Structures are given as structure tokens and as C-alpha cells.
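Both ligands and their constituent atoms are indexed starting at 1 by order of listing. No experiment lies behind these values; they were computed from the predicted model shown. Residue numbers count from 1 along this sequence.
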Amino acid sequence: MEILLEKLERERNLSRSEFMELLQGRNEASAENLFGRARRLRERYYGRDVYIRGLIEFTNCCKNDCYYCGIRASNGKIGRYRLTPEEILACCREGYELGYRTFVLQGGEDAGFSSEMIASLVEAIKKNHPDCAVTLSVGEHSREIYRRWFDAGADRYLLRHETADDDHYRSLHPASCSPENRKRCLHDLKEIGYQTGCGFMVGSPGQKAEHLVADLLFIRELQPEMVGIGPFIPQRDTPFGEEPAGSIELTLFLLGILRLMLPDVLLPATTALGTLDPRGQEKGMMAGANVCMPNLTPDQVRGQYALYEGKGRGETGRRAALSNLRRRMEAVGYRVAVDRGDCRRRTNN
Ligand code: SAM
């Protein structure tokens, strides 16, 4: 195992069969070895800083019907909401005062927000907070629309590829969603110049080790600036409501692998990790993560962005949540930074 880890750190890549061996042969000792290497690398690029992103879940209306997702179109059991532009800008204002320098606008694919409305929102946020980055996470769109938002000032885009295996992708989504289009979007975003994030759920129904290896190879090829991974967590009103949740242990191991593959990547310890395990985000940091995305969505609607069971459980007000995060990060030797937290990549790997 040590030889494989050494090779992964040196070459930033392994063959399909070596990745399989690493995943299937993992144990506590190899995980500790991996995490030690991952932490050294993250500290070489980012020191002990933890970058924070203020997450604004601005609409839970979605035209898609992904089988795993609580805000899927055919879930009639949740109330739907859309924040107004004024409400979104107020979230940013409050976030700015607390020290956020990146705002993530995330939502379903909602025709209630035209591409022009989103462009105006981006422009308004950049005008109010010129020292901040804006990240969009609003699903699949045409290259022209992505270009329009980039020109409006958007800096980053998060679009998880969900799974790099096409058959597995089709087993998680209805026929109206295609793996080809998802990947086309990611390539367009990269080419336009966004700091681009892909990612996947760990333990999604039907996922096998070879699918995870395909994910790693896809990521190696795409060279994203950000990778979002978190455990799948069932949501009771979806077709996958009875499926088991993904594993924390495997998620952490994959975070470590990703840090070795892309030493300068922006790697969040995701909310899903913190939902399944109260110390999940601290463990994520110890495995090589360097980003957290606390929620700035107004309390009145937050419960309705119900992607999975238990999301947001135990969350407090925004100020208290941030001081709590600061304390938890300091307890494991890291510090929350007031910083845009851009990717420090200089050359292509
Ligand atoms: N609509 C946008 C998109 O498709 O990228 C952004 C919102 S979407 C709800 C954000 C992410 O939530 C998805 O990429 C998916 O990986 C994650 N997600 C959805 N349902 C989940 C679940 N049951 N467990 C864990 N993660 C989930």
C-alpha cells in the first residue's frame, strides 16, 4: 500500500488496476499514511487556512427528477420557495459582515430565474462586494449562458458530474438527463475560464469500486480546480428513500486520494459529511480538505432545501454557526480565513 501511495503522490496518478487495489485493500494504516501525505500537501499550498464559502440556496424549484434528490420535481411533499433578489443580496451583506469573501448561489434548475436575472444578480453582488468571488451552482445550461454569467463576473461554477460511468449515471437519473450533457457542461465551463468544480456522491445506489475508479480517472483528465464529494444520504420522499447512506470512512479515504492527485485543489469537507457524523468536517480537514461551506440561506426557508434526511440538523444562527466552525477548526489545528480563497494553481498538472 505504501508503495502505491508513494507512487500516487509522485505521479499524481495511478492505473485503473492500481486505484482498484488501493481502494479495495485500504485499512486503517493505509488511511493514516494517506492522510498524513494529504495534510502535508494541503499545507504546502494553503497553509493551515480553511476557506469558507457562504452558501445561499436561493431556490428549491427544479425541473429535474434525479432519483436521489429531495428537491426533485415530482416530490410533492416539500413546500417550494424562491428568494427575491433583495433577499439574496441581504444574505450576501450579512455574510460579508461576518467575514465571507465567497458567495455560492445554489439552486435547482428553475425557469423562474431567467439567465438574465442570474446575470443581474451576479453583477449586483460584484458591485456591492468587489473583493468577493461569486460561485454559481445552478445545473446544466448552454455554453452561451455560461459565457454570459462569466462575463457578468461569476468566478467559479460547481457542477458535480455525479458519476463518471454512463450506465451508472442513467440508473440515478431519468432519461431527460444525460451523462454526455453533464460532461459537456463541465468542459465548457473549464474552457470559458471558470474555476470549475465537479464531484460525486460516495455510496450512491448501485455504486461499485470500478465506478469510483472511473470518477478518479475522469477527474484526473478534467483537472478541476474544485472537487465536491460527500456521502449519499437517502431522502424519504425519493425513489432511493430506503437505500443505505454512503460511508464516512470511504469518503475520507477518497478525499485523501484527491488531495494527492490534485495537490492544489479546493476540497470542501461537505455538509453531507457533517450531517452523517458530527465530527465529519474536522475529519475531512484531517484527510486533506481545505474548504467549508456554511449556510447563509434564511432560516424561514432553509428546511425546505431538503436534499437529504437530516440536512441542516443542529445548525444554529449564522453568526453562532461561524464561531462554532472557527472553534472546531482550531481544535484540529486549522484556522478559518477571511479570504476569497482562490485556487493556487499556476501550471497545468
Ligand atoms: N441543481 C444543481 C446541480 O444539479 O448541480 C445544484 C443543486 S444539486 C441539489 C447539488 C448536489 O446535491 C448534487 O450535485 C448532488 O450531488 C447533491 N445531492 C442531491 N441529493 C443528495 C443526496 N440524497 N445525498 C447527498 N447528496 C445529494
- request: Give a yes or no on whether atom 16 (O) of ligand 1 lies under 4.0 Å from any heavy atom of the protein.
  value: yes

message: Consider salt bridge (Lys or Arg N to Asp or Glu O under 4.0 Å). Of R340, R335, R344, which one does D49 pass it with?
response: R335

- request: For atom 21 (C) of ligand 1, state which one of R182, E243, M201 supplies the nearest heavy atom.
  value: M201

- prompt: Under a single-linkage rule joining Ile, Leu, Val, Met, Phe, Trp and Tyr whose side-chain heavy atoms are separated by less than 4.5 Å, which residues share a cluster with Y51?
  reply: Y45, Y46, L55, V104, L158, M226, L266, V291, M293

message: Is there a polar contact, in the sense of an N or O pair closer than 3.5 Å, between E162 and ligand 1?
response: yes

query: Honestly, is K311 close enough over Y305, meaning NZ or CZ under 6.0 Å from the six-membered ring centre and within 45° of the axis?
result: no

- request: Report, as yes or no, whether the 6.0 Å neighbourhood of atom CD on E242 holds more than 12 heavy atoms from other residues, nucleotides or ligands.
  value: no

- request: Report, in ascending order of atom number, the atoms of ligand 1 lying under 4.0 Å from any heavy atom of G107.
  value: 1 (N), 2 (C), 6 (C), 7 (C)

message: Within the 3.5 Å criterion, strictly below it, is a donor on E191 or Y146 matched to an acceptor on the partner's side chain?
response: no

query: Hey, is ligand 1 close enough to Q235 that some N/O pair sits below 3.5 Å?
result: no

message: Quiz question for you: does at least one protein heavy atom lie closer than 4.0 Å to atom 11 (C) of ligand 1?
response: no

task: Compute the ring centroids of F218 and H161, then answer whether they are less than 6.0 Å apart.
output: yes

field: Ligand-side contact atoms (ligand 1) for residue partner L159, heavy atom cut-off under 4.0 Å
entry: 5 (O)

task: Would you check if the distance from the ring center of F113 to the ring center of F58 is below 6.0 Å?
output: yes

query: What part of Y157 sits under 4.0 Å from ligand 1 if we count only heavy atoms: the side chain, the backbone, both or neither?
result: neither

- request: Mind checking side-chain contact (heavy atoms from CB on, under 4.5 Å) for E144 and listing every partner two or more places apart, or none if nothing turns up?
  value: S142

query: With a distance cut-off below 6.0 Å to the six-membered ring centre and an angular limit of 45° from the axis, does R53 pair with Y100 as a cation-pi contact?
result: no

Test: R160 cationic atom under 6.0 Å from F200 six-membered ring centre, within 45° of axis: no

query: Counting both backbone and side chain atoms, is some N or O of I233 under 3.5 Å from an N or O of ligand 1?
result: yes

message: Under 3.5 Å between any N/O of C69 and any N/O of ligand 1: does that happen in this structure?
response: no

message: Regarding ligand 1, does Y68 bring an N or O atom to under 3.5 Å of one of the ligand's N or O atoms?
response: yes

field: Sub-4.0 Å heavy-atom approach of P231 to ligand 1
entry: yes

Any N/O pair S137/ligand 1 closer than 3.5 Å: no

message: Less than 4.0 Å is my threshold; does some heavy atom of G246 fall inside it relative to ligand 1?
response: no

field: Nearest protein heavy atom with distance in Å, relative to atom 9 (C) of ligand 1
entry: L307 CD2, 3.4 Å

